[in-house]
Amino acid sequence: MTNSQKLWGGRFTGNPDETFAEFNRSFGFDIRLFEADVRASIAHAHGLHGAGVLDADETAAVTGALRTMLELAAGDADYMNLDSEDVHSFIESRLVELVGDLGKKLHTGRSRNDQVATAFRLWLRDQIAHLQTDIKDLQAALIAVAERHQTAVMPGYTHLQRAQPVMWAHWCLAYLEMFARDSERLEDVAKRVNVMPLGSAALAGTSFSIDREAVAKELGFERVSANSLDAVSDRDFAIEFAGACSLIMVHLSRLAEDLILYASTEFGFVALSDAVSTGSSLMPQKKNPDALELVRGKAGRVFGHHAALLATMKGLPLAYNKDMQEDKETVFDALDTTRTCLKVTAIVLGNLSVNEARTREAATKGYLNATELADYLVKKGIPFRTAHESAGKIVLLGIETNRELVEIPLDEMRSVAAQINEDVYAALGLERTVASKSAIGGTAPSRVEKAIAAAKASLNG
Ligand code: ARG
């Protein structure tokens, strides 16, 4: 395409350098904004009608052609094959094909600067809803696997050292909480996405009397932007979105890491299905957790997009600068990657089984009930610090003689703390240990059962 054929060709006499033209082109990726940009263009045509720029027939012809364009694009893969600079020029070229010179009136009172910000926001608003659906599906998978193994007990860890026993379902619900916050965060981002820049034109606003609020209403925007300079140069919403995706990926990567560990021979807590594992080309015995490793790895990629957006926007002068065209691929890939990872993780969980005997065995080895012993002594009237010291001594006794706490005879325990009685063994039992954590948020089975019910209700509500 020569420069004189471009949207902005008037003041040009020379032709573009081919390498630069390709460098400048965004149509290869902003094609994803096609439908959103057509919808915004239809609303803008109505705005122009209200401003007296298009009469009723012209408005009907332009909006009709824009709708036809959506159908043509849906019906013919080749329809999008034009050598356009970006999706906005593509739409204008196709419009002029359909309605002739009338199509050239549509750009009155708008610039690609407010147009791209509007289309991007419209598109993102829908995508946020899809992402939230994926989060819900993953939460449902977490609840399902919690219920499949509702009585399973396993070691809980701090510093990756056995700490205290917890219910498997409690582990599942911990992740459910993280994803609930992620969804809430997206809801909050959506509020700031849902603001319409259209009508800000290039940077200064428009001189046509377009009823911006009516246009916004047609497009389902909650508000119109209040300052034209800010409206065309603000990409906070994209950065926030990538940030929200990054946190989802933080949570997914932690879940992935836990399961990778739990699936190892050393732990042997869970079995991953063949459907989400791979083998080794050399070692016949291997079953590798590739699905989870990829989820863990792709977190880095999404953080990279977030950082890239921040770096692109840093120090840009007001208002629009072409640097900002870099916003799209980062957001597109952050979205696609996060969605795929949510889906794959839900599949992994859907096929996961817990080796309940093994997790129970692990939860009874390694003095996970030492805190119980200290609490027992506290209940006998000993200050916690002293109780902690005594329990530590008894643990040391156990370590030195390779016995668990419940295997140490009463007289040996009493030599450390005389207040200990026969009832200590019941207090140190696994079921009692878990059941005693019954305050709100604790791992007691009764609490976990209620938490599952509440999670189900809020997911279906
Ligand atoms: N493709 C451009 C982008 O994504 C559209 C806006 C172009 N505006 C301009 N003044 N050249 O940012």
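Quick note: residue numbers are just sequence positions, from 1. Remember, it's 1-based here, ligands and their atoms both numbered in the order they're listed.
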> Quick check, are the ring centers of F27 and F34 under 6.0 angstrom apart?
Replying inline: no

>> To check your reading of the model: name the closest protein heavy atom to atom 10 (N) of ligand 1, its residue, and the distance in Å.
In response: N113 OD1, 3.0 Å

> Does NZ or CZ of R32 fall inside the cone over F332's six-membered ring, less than 6.0 Å from its centre and within 45° of the axis?
Replying inline: yes

>> Using side-chain heavy atoms (C-beta onward) and a distance below 4.5 Å, is S41 in contact with R110?
In response: yes

>> Could you tell me if R125 sits above the aromatic ring of F221, with its cationic atom closer than 6.0 Å to the ring centre and no more than 45 degrees from the axis?
In response: yes

>> Only heavy atoms of R112, strictly under 4.0 Å: list the atoms of ligand 1 that pass.
In response: 6 (C), 7 (C), 8 (N), 11 (N)

> Does Y79 have R94 sitting over its ring (NZ/CZ under 6.0 Å from centre, angle to axis within 45°)?
Replying inline: yes

> Which of the atoms of ligand 1 are close to K328, meaning less than 4.0 Å from one of its heavy atoms?
Replying inline: 3 (C), 4 (O), 12 (O)

> Against heavy atoms of S26, which atoms of ligand 1 measure under 4.0 Å?
Replying inline: 1 (N)

> Are S89 and D86 close enough that a side-chain donor and a side-chain acceptor fall under 3.5 Å?
Replying inline: yes

>> Show me which atoms of ligand 1 lie under 4.0 Å from any heavy atom of Y320.
In response: 2 (C), 3 (C), 6 (C), 7 (C), 8 (N), 9 (C), 10 (N), 12 (O)

>> Does any N or O of ligand 1 fall below 3.5 Å from an N or O anywhere on H88, backbone included?
In response: no

>> Just to confirm my output: which protein heavy-atom neighbour is closest to atom 2 (C) of ligand 1, and how far is it?
In response: Q325 OE1, 3.3 Å

